[in-house]
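Read through the structure below, which is laid out as structure tokens, and then see the notes.
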Amino acid sequence: PTIDDALDAYLADLRGQGRSDTTIRSARHDLLAFQRFMHSRRLSCSTLTPSAIDEYVALRRHRSVGAGDPVSVSTIQTRLRQLRLFLWYVARHGGTACDLSAGVSFHLLAYAPMLHLSIDEARDLIESPHESLPTGIRDRAILELIYGCGLRWSEIQALRVSDVDVQAATIEVAAAK
């Protein structure tokens, strides 16, 4: 089968499993670079080799497939994880002679060193919103929560007024990992 046929079948299978539209769109997006890679090398699922997968994984690791801004390590890992699931699906449905999913390893990706703000830089950042504006007050509160409480952006977005207990000076974070 062609990569296009296999990708369509994989996405249809995800739909059949009751996966959400968001999950399906994400899987499709994650596999588009692999599809372009396969087209550029005139490969089909039946002619795909472990060395071609190694080449693709190396390209993903070096963030050189596609155009635009560099891709984060976690994004690369997500895309490679999706590729592994796709290749396993193709092998299970007779699209390849053997299961090539084992050739997709993503646990050895190096993370960029984490950068930390100095105390002065953190203070300057927190004090940067203009408190004369409602959005400035909001932005300062968000920065205080991120810096002072270590909340993630998704946790900030999930907060509701009812999560704040002014009397106890606490915030209930239901979306915490």
Side-chain angles (χ1 to χ4, degrees), residues 1-117 125 139 142-143 145-147 149-159 173-177:
T2 68
I3 182 69
D4 302 331
D5 294 339
L7 184 55
D8 289 344
Y10 175 68
L11 297 174
D13 188 64
L14 291 178
R15 222 173 265 109
Q17 293 174 27
R19 301 295 173 96
S20 72
D21 289 340
T22 303
T23 298
I24 294 165
R25 274 194 309 274
S26 178
R28 183 180 183 283
H29 178 266
D30 290 345
L31 292 167
L32 284 177
F34 183 66
Q35 183 183 34
R36 286 190 301 270
F37 171 82
M38 295 275 291
H39 282 281
S40 71
R41 279 145 181 89
R42 293 182 170 38
L43 293 170
S44 69
C45 293
S46 59
T47 60
L48 185 61
T49 63
S51 62
I53 291 174
D54 289 345
E55 179 186 358
Y56 176 75
V57 170
L59 289 170
R60 292 286 9 161
R61 284 186 175 163
H62 290 88
R63 304 173 186 176
S64 59
V65 173
D69 294 331
V71 179
S72 73
V73 170
S74 61
T75 297
I76 294 169
Q77 287 181 324
T78 299
R79 289 180 182 167
L80 293 178
R81 193 171 295 114
Q82 190 61 247
L83 175 61
R84 179 181 275 180
L85 291 170
F86 172 69
L87 291 173
W88 179 78
Y89 171 86
V90 170
R92 238 180 71 219
H93 291 86
T96 57
C98 61
D99 182 3
L100 299 170
S101 64
V104 182
S105 66
F106 48 84
H107 62 280
L108 299 177
L109 292 173
Y111 281 91
M114 188 166 291
L115 302 176
H116 300 279
L117 298 176
L125 177 65
D139 293 349
I142 289 170
L143 290 169
L145 288 170
I146 290 171
Y147 183 75
C149 300
L151 295 185
R152 295 175 174 88
W153 179 242
S154 61
E155 294 165 339
I156 298 283
Q157 289 177 307
L159 285 177
V173 182
K177 281 189 175 182

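No experiment lies behind these values; they were computed from the predicted model shown.
The distance from the CG atom of Asp21 to the CZ atom of Arg15 is 7.5 Å, given to the nearest 0.5 Å. Here the CD atom belonging to Gln157 is positioned 12.0 Å from the CG atom belonging to Leu151, to the nearest 0.5 angstrom. One finds the CD atom of Gln35 at 11.0 Å from the OG atom of Ser40 (value rounded to the nearest 0.5 Å). Summarising the geometry, atom CZ belonging to Phe34 is positioned 5.0 Å from atom CD1 belonging to Ile3; distances are rounded to the nearest 0.5 Å. To the nearest 0.5 angstrom, Cys149 atom SG is 8.0 Å from Ile156 atom CD1. The CZ atom of Arg25 lies 4.5 Å from the OG1 atom of Thr22; values are rounded to the nearest 0.5 Å.
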Could you please spell out the steps behind the side-chain contact (heavy atoms from CB on, under 4.5 Å) verdict for Arg79 and Leu31?
CA-CA 7 Å; Arg79 289 180 182 167; Leu31 292 167; over 6 Å; no
Test log, rule side-chain contact (heavy atoms from CB on, under 4.5 Å), inputs Thr2 and Leu7:
CA-CA 9 Å; Thr2 68; Leu7 184 55; over 6 Å; no
Decide yes or no on side-chain contact (heavy atoms from CB on, under 4.5 Å) for Glu55 and Arg41, but give the supporting numbers first.
CA-CA 11 Å; Glu55 179 186 358; Arg41 279 145 181 89; 2.7 Å; yes
Before giving the answer on side-chain contact (heavy atoms from CB on, under 4.5 Å), spell out for Leu48 and Leu87 the whole-Å C-alpha distance, their side-chain angles and the decisive distance to 0.1 Å.
CA-CA 10 Å; Leu48 185 61; Leu87 291 173; 3.7 Å; yes
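No donor-acceptor contact under 3.5 angstrom links the side chains of Ser26 and Thr23, judged on distance only. Side-chain polar atoms of Asp13 and His93 form no donor-acceptor pair below 3.5 angstrom.
When every heavy atom of Ala33 is checked against every heavy atom of Tyr56, the shortest pair comes out as CB-OH, 3.6 Å. A pairwise comparison of heavy atoms in Ile24 and Arg19 identifies CD1-O, 3.7 Å as the closest pair. In plain terms, the two heavy atoms of Leu143 and Leu125 that are nearest each other are CD1-O, 3.4 Å.
Legend: residues meeting ring pair (Phe, Tyr, Trp, His ring centres under 6.0 Å) with Phe86, ordered by chain and number and at least two apart, are Tyr10.
Using a 4.5 Å heavy-atom threshold, the side chains of Leu83 and Asp30 count as separate. You'll find the side chain of Ile142 reaches within 4.5 Å of the side chain of Trp153, heavy atoms only.
A donor-acceptor pair is defined here as one N or O able to donate and one able to accept, closer than 3.5 Å; such a pair exists between the side chain of Tyr89 and the backbone of Ala9.
For NE2 of His39, the number of neighbouring non-hydrogen atoms (other residues, nucleotides, ligands) closer than 6.0 Å is greater than 12.
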